Amino acid sequence: MNPHECQPASYPSERLFFCRVCGGMVIGGKKMMRSVTKNYQRPVADPWDSFKALIGKMSRNRYFNPQAPFVSNRNSLLSLIFELGRHLQLGQTTLISAVAYLDAVLALFVADSLQENLIAFMSVIMAAKMVENPHASSLKEAVSFFENTFTSQQIERCEEIMFQVLGYNLNVITPLDFLEFFLSCGVITPGSIPQGICAETFLTKFEELSRELVLRAVSSYASNEFSSLAIALSALEIAGRRLRLTKPPLARAECLTLIPPSDLASSIELISALSDSLIPTPYFGVEEELFSELDDLIKKEDLSSRSSNVEY
C-alpha cells in the first residue's frame with residue numbers, strides 16, 4: 001500500500017469510511033489491506049456511490065429457473081463458452097458476463113439444442129463486445145464456426161432476439177463485479193493474516209482464490225438462486241477459511257452491506273461444497289504445523305461459523 005493519511009469520503013456510518021485518496025475501506029480506524037500486485041484504479045465516483053449503483057442493478061437479468069429445459073445441457077454450453085473464450089483469449093470478466101447472458105436468455109426463451117449452442121456462442125461475442133473489444137467477431141467468422149449450419153441472417157436475428165430478451169441492456173452485474181469491488185476496497189485487517197506469512201503473498205493468493213471460487217459458483221446453476229452480492233460475499237468468506245484467515249472478511253463487509261453472515265448460510269454452504277475439490281493448504285510453502293494450530297483455533301473459537309460475533 002502506498003503510505004498516505006486516509007481522508008474520509010462520505011458514508012452513512014461512523015464505523016466505516018472510504019479513503020478519498022485510494023478508495024480503500026477504513027473500519028474502526030483500521031485500514032483494510034489489499035495487494036499491490038493488481039494496480040486498482042481509484043473509483044470514478046465515491047466508492048459508496050459505486051456500491052449503491054451495483055446494488056441498484058444487481059437484479060437486472062438475473063433469474064433462477066431450474067425447470068428451464070437448457071439446465072440439463074448447461075455444462076456443455078459452458079464448455080463451449082470457455083473453449084471459445086480460450087480461443088479468443090478473453091478475460092474472466094467477459095466469460096462470466098457471457099454465462100450471465102446465457103442464463104438470462106435461456107431462462108426466458110426456449111430453444112432446441114442447436115439454437116442453444118448459437119445462443120452460447122453469441123453470448124460470448126456480445127460479452128466480448130461489451131467488455132473488451134467492440135469488434136470481437138464478424139458474421140463471416142460466426143457462420144464459419146457453425147460450418148454454415150446458420151446463415152448470417154439467422155445469426156443476426158439471434159443477436160436481435162437476445163438483445164430484446166435482455167431488455168437492450170448488457171450491463172449485467174455479476175458476482176465478479178461485487179468481488180472486485182470488495183477486493184479493491186480491502187476486506188482484510190493486518191492482524192488477521194497468519195504469522196510467518198508474507199502479507200503481499202497472502203493477499204495475492206486470497207484474491208486469486210476468491211476469483212476462482214466465484215468462477216466455480218457461476219459454473220453451477222444453483223448459484224443463480226442467490227444474488228450476485230451474496231455469492232461474492234460467500235466466496236470471500238470461504239477463501240478466508242481456506243487460507244486460515246484468523247478474522248473472517250464477512251464481519252468487515254457487514255459494515256458496508258448491512259447483511260449479517262447468518263443470512264448467507266445457504267450461499268456459503270454452496271460455495272464451500274464447490275471448493276472441496278480445490279488443492280488443500282498449505283499454499284505458501286510454510287510448515288503444515290502452523291496451519292494445524294490455526295485449525296485448532298478455528299475449532300476452539302468457532303470462527304468459521306460465527307464470524308459476525310468476532311470483535312474488532
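Quantities reported herein were computed from a predicted structural model and do not represent experimental measurements.
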K.L.:
Is a side-chain donor or acceptor of Tyr101 paired with a backbone partner of Leu170 at a separation under 3.5 angstrom?
P.N.:
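Answer holds: yes.
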
K.L.:
Ignoring hydrogens, what is the shortest heavy-atom contact between Phe109 and Ile161? Give both atom names and the distance.
P.N.:
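What the structure gives for the nearest pair is CE1-CG2, 4.0 Å.
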
K.L.:
Rounded to the nearest 0.5 Å, how far apart are CE of Met58 and CD1 of Ile231?
P.N.:
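So the gap between those two atoms works out to 11.5 Å.
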
K.L.:
Heavy atoms only: give me the nearest Phe206-Ala239 pair and the separation to one decimal.
P.N.:
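The pair with the smallest heavy-atom distance is CE1-CB, 3.7 Å.
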
K.L.:
If you apply the rule side-chain contact (heavy atoms from CB on, under 4.5 Å), what do you find for Ser219 with Phe82, and how did you get there?
P.N.:
CA-CA 10 Å; Ser219 298; Phe82 295 140; 4.0 Å; yes

K.L.:
Any side-chain to backbone donor/acceptor pair from Ser59 onto Gly56? Under 3.5 Å, distance only.
P.N.:
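No: the side chain of Ser59 does not pair with the backbone of Gly56.
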
K.L.:
Once you measure the plane-to-plane angle for Phe51 and Phe178, does it fall in the parallel (<30°), tilted (30-60°) or perpendicular (>60°) bin?
P.N.:
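Phe51 and Phe178: perpendicular rings.
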
K.L.:
Could you tell me whether Lys205 and Glu200 make a salt bridge, using a distance below 4.0 angstrom between a side-chain N and a carboxylate O?
P.N.:
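A salt bridge is absent here (no side-chain N lies under 4.0 Å from a carboxylate O).
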
K.L.:
Take Leu183 and Leu236, measure what side-chain contact (heavy atoms from CB on, under 4.5 Å) needs, and give me the verdict at the end.
P.N.:
CA-CA 9 Å; Leu183 293 179; Leu236 289 171; 3.9 Å; yes

K.L.:
Thinking salt bridges, do Arg86 and Glu83 make one under a 4.0 Å N-O criterion?
P.N.:
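Looking at Arg86 and Glu83, the cut-off is met.
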
K.L.:
Any non-hydrogen side-chain atom of Leu215 less than 4.5 Å from a side-chain atom of Leu95?
P.N.:
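No - every pair of side-chain heavy atoms lies 4.5 Å or more apart.
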
K.L.:
Any sub-3.5 Å donor-acceptor pair from Ser220's side-chain atoms to Arg216's backbone N or O?
P.N.:
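Such a contact is absent between Ser220 side chain and Arg216 backbone.
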
K.L.:
Measuring only between side-chain heavy atoms, which start at C-beta, is Phe163 closer than 4.5 Å to Asn169?
P.N.:
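They are not in side-chain contact.
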
K.L.:
Supply the atom-to-atom distance Phe70 CZ to Tyr221 OH, rounded to the nearest 0.5 angstrom.
P.N.:
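Here the rounded value is 4.5 Å.
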
K.L.:
State, with a plain yes or no, whether a side-chain heavy atom of Arg62 is found less than 4.5 Å away from one of Pro175.
P.N.:
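They are in side-chain contact.
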
K.L.:
If I compare all heavy atoms of Ala100 with all of Val172, which pair ends up nearest, and what's the gap?
P.N.:
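Answer, listing the atom of Ala100 first, then Val172: CB-CG1, 3.9 Å.
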
K.L.:
Using modelled atom types only, decide if a donor and an acceptor are shared between the side chain of Ser275 and the backbone of Ser272 within a distance under 3.5 Å.
P.N.:
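Indeed, once roles are kept as given, a pair shorter than 3.5 Å links the two residues.
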
K.L.:
What is the minimum heavy-atom distance between Ile271 and Ala235, and which atoms define it?
P.N.:
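Scanning both residues completely, I find the closest heavy atoms to be CG2-CA, 4.1 Å.
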
K.L.:
CZ of Phe226 to CG of Leu270: how many Å apart, nearest 0.5 Å?
P.N.:
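Nearest 0.5 Å value for the CZ-CG distance: 6.0 Å.
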
K.L.:
Given 3.5 Å as the limit, does a donor-acceptor pair link the side chain of Ser267 with the main chain of Leu264, or not?
P.N.:
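Here the side-chain-to-backbone pair exists.
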
K.L.:
Within the supplied structure, the quantity of interest is the number of heavy atoms (other residues, nucleotides, ligands) at a distance under 6.0 Å from Gln89 CD; does it exceed 12?
P.N.:
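Not more than 12 within 6.0 Å, no.
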
K.L.:
Hey, is Glu180 close enough to Arg211 for a salt bridge, meaning N to O under 4.0 Å?
P.N.:
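Here Glu180 pairs with Arg211 in a salt bridge, since their nearest N and O are under 4.0 Å apart.
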
K.L.:
If only atom types and distance count, is the side chain of Thr94 paired as donor or acceptor with the main-chain N or O of Leu90 below 3.5 Å?
P.N.:
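Answer holds: no.
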
K.L.:
Give the C-alpha distance, both sets of side-chain angles, the deciding distance and a yes or no for side-chain contact (heavy atoms from CB on, under 4.5 Å) between Asn65 and Asp103.
P.N.:
CA-CA 9 Å; Asn65 182 9; Asp103 286 344; over 6 Å; no

K.L.:
Indicate yes or no: at least one non-hydrogen side-chain atom of Arg241 is less than 4.5 angstrom from one of Ile268.
P.N.:
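Yes, side chains in contact.
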
K.L.:
Restricting to non-hydrogen atoms, name the atom on Gly91 and the atom on Glu132 that form the minimum distance, rounded to 0.1 Å.
P.N.:
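Taking every non-hydrogen atom into account, N-OE2, 2.7 Å.
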
K.L.:
To the nearest 0.5 Å, tell me how far Asp177 CG sits from Ile96 CD1.
P.N.:
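Asp177 CG to Ile96 CD1: 8.5 Å, rounded to 0.5 Å.
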
K.L.:
For Val218 and Thr174, what are the C-alpha separation, side-chain angles and deciding distance, and is it a side-chain contact (heavy atoms from CB on, under 4.5 Å)?
P.N.:
CA-CA 9 Å; Val218 169; Thr174 71; 5.9 Å; no

K.L.:
Rounded to the nearest 0.5 Å, what's the gap from CE on Met162 to CG on Leu102? Could you check?
P.N.:
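Those atoms lie 7.5 Å apart.
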
K.L.:
Work out which heavy atom in Asn61 is nearest to a heavy atom in Leu166; give both atom names and the distance.
P.N.:
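Looks like ND2-O, 3.0 Å.
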
K.L.:
Can you find a pair of side-chain heavy atoms, one from Leu274 and one from Leu213, that are under 4.5 Å apart?
P.N.:
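No; the side chains remain at least 4.5 Å from each other.
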
K.L.:
Using side-chain heavy atoms (C-beta onward) and a distance below 4.5 Å, is Leu179 in contact with Ser210?
P.N.:
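SC-SC contact between Leu179 and Ser210 confirmed.
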
K.L.:
Around Gln92, counting heavy atoms of other residues, nucleotides and ligands shown, do more than 12 lie under 6.0 Å from its CD?
P.N.:
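Yes - once you tally the heavy atoms of other residues, nucleotides and ligands closer than 6.0 Å, there are more than 12.
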
K.L.:
How far does CZ of Phe121 sit from CG of Leu80, to the nearest 0.5 angstrom?
P.N.:
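Output value for this atom pair is 8.5 Å.
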
K.L.:
Do Glu156 and Glu159 have side-chain heavy atoms sitting under 4.5 Å apart?
P.N.:
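No, every pair of side-chain atoms sits at 4.5 Å or beyond.
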
K.L.:
If you group Ile, Leu, Val, Met, Phe, Trp and Tyr by side-chain heavy-atom gaps below 4.5 Å, do Val110 and Ile119 land in one group?
P.N.:
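Looking at the clustering, Ile119 is in a separate group from Val110.
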
